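No experiment lies behind these values; they were computed from the predicted model shown. Atoms within each ligand, like the ligands themselves, are counted from 1 in listed order.
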Amino acid sequence: MLFNETEIDLNGKKVLLRNARLDEAEMLIDYLKRVSGETRFLLCEPDEIKFTIEEEKDFIKKHNDSPDNLLVLAFVDGEYAGNCSFEGLRSRKRSKHRADIGIALFQEYTGFGLGRLMLNFLLDKIKEQGYEQAELTVVGGNDRAYHLYESVGFIECGRIPNANKYTDGTYSDDIMMVLRF
Ligand SMILES: CC(C)(COP(=O)(O)OP(=O)(O)OC[C@H]1O[C@@H](n2cnc3c(N)ncnc32)[C@H](O)[C@@H]1OP(=O)(O)O)[C@@H](O)C(=O)NCCC(=O)NCCS
């Protein structure tokens, strides 16, 4: 889904939210590798990110062209800071009222309200598209993310114990959360 570029002042920093361009595919792959290495709260290890530029371009195109998907890039004072996205579960009649969301920022841009700003932006777009609920999975121990989601109305609705096993032998749970509009 395409949207108008939005500029917001956040605690003295200039935040720009906009769609991704096809020529940013490489930047987005590099971002995925870096954020995956900065935290244990994302899906996989950095060396498991194997997308090609063409695959990433298809991902950008899909998110820009379809009303059922949205990818929002955030820039802080001109620097790429991270993104958030939603994918509507519209391929089946019984799930077409649901949207799945994801968000990840570079560590240096966390903790000053950007995540909240982006999440609220995303939720507004999801509501505008007529979805009835937003859903996400957060890793147990990701207290900042859990707090943020709870504070905008998400509730915990399930947990898979030891869903993630790390290279050091430790585990974390997957926590499912849902927000009914
Ligand atoms: C999770 C993430 C998107 C949140 O964005 P952010 O910009 O850091 O978050 P914000 O600054 O907008 O808000 C964080 C909130 O958590 C609170 N918080 C910070 N650390 C916390 C902690 N350890 N425990 C509980 N709450 C905490 C903050 O006080 C703030 O709440 P408040 O607005 O009520 O004061 C971001 O940190 C991130 O991308 N992290 C790495 C990747 C990741 O974990 N993605 C989420 C996958 S589900």
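Aromatic rings from F51 and F59 are positioned such that their centres are separated by 6.0 Å or more.
A side-chain donor-acceptor contact under 3.5 Å links Y146 and E156. Between the side chains of S66 and R90, no donor-acceptor pair of N or O atoms lies under 3.5 Å.
Using a 4.5 Å heavy-atom threshold, the side chains of R40 and V139 count as separate.
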Tabulating one pair per line, provide the atom names and distances (0.1 Å) for every N/O atom of ligand 1 that is less than 3.5 Å from a protein N/O atom.
| from | atom 1 | to | atom 2 | distance (Å) |
| --- | --- | --- | --- | --- |
| ligand 1 | 7 (O) | G115 | N | 2.7 |
| ligand 1 | 8 (O) | G111 | N | 2.8 |
| ligand 1 | 11 (O) | F112 | N | 3.4 |
| ligand 1 | 11 (O) | G113 | N | 2.9 |
| ligand 1 | 12 (O) | R116 | N | 2.9 |
| ligand 1 | 31 (O) | H147 | NE2 | 3.0 |
| ligand 1 | 33 (O) | R116 | NE | 3.4 |
| ligand 1 | 33 (O) | R116 | NH2 | 2.9 |
| ligand 1 | 34 (O) | R116 | NH2 | 3.2 |
| ligand 1 | 34 (O) | H147 | NE2 | 2.8 |
| ligand 1 | 37 (O) | R144 | NE | 3.2 |
| ligand 1 | 39 (O) | L105 | N | 2.7 |
| ligand 1 | 44 (O) | N142 | ND2 | 2.8 |
| ligand 1 | 45 (N) | I103 | O | 2.9 |

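Grouping the Ile, Leu, Val, Met, Phe, Trp and Tyr side chains by contacts below 4.5 angstrom, directly or via other members, places V152 apart from M176.
Seen from the ring of F112, K13 counts as a face-on cation partner, given the 6.0 Å and 45° thresholds.
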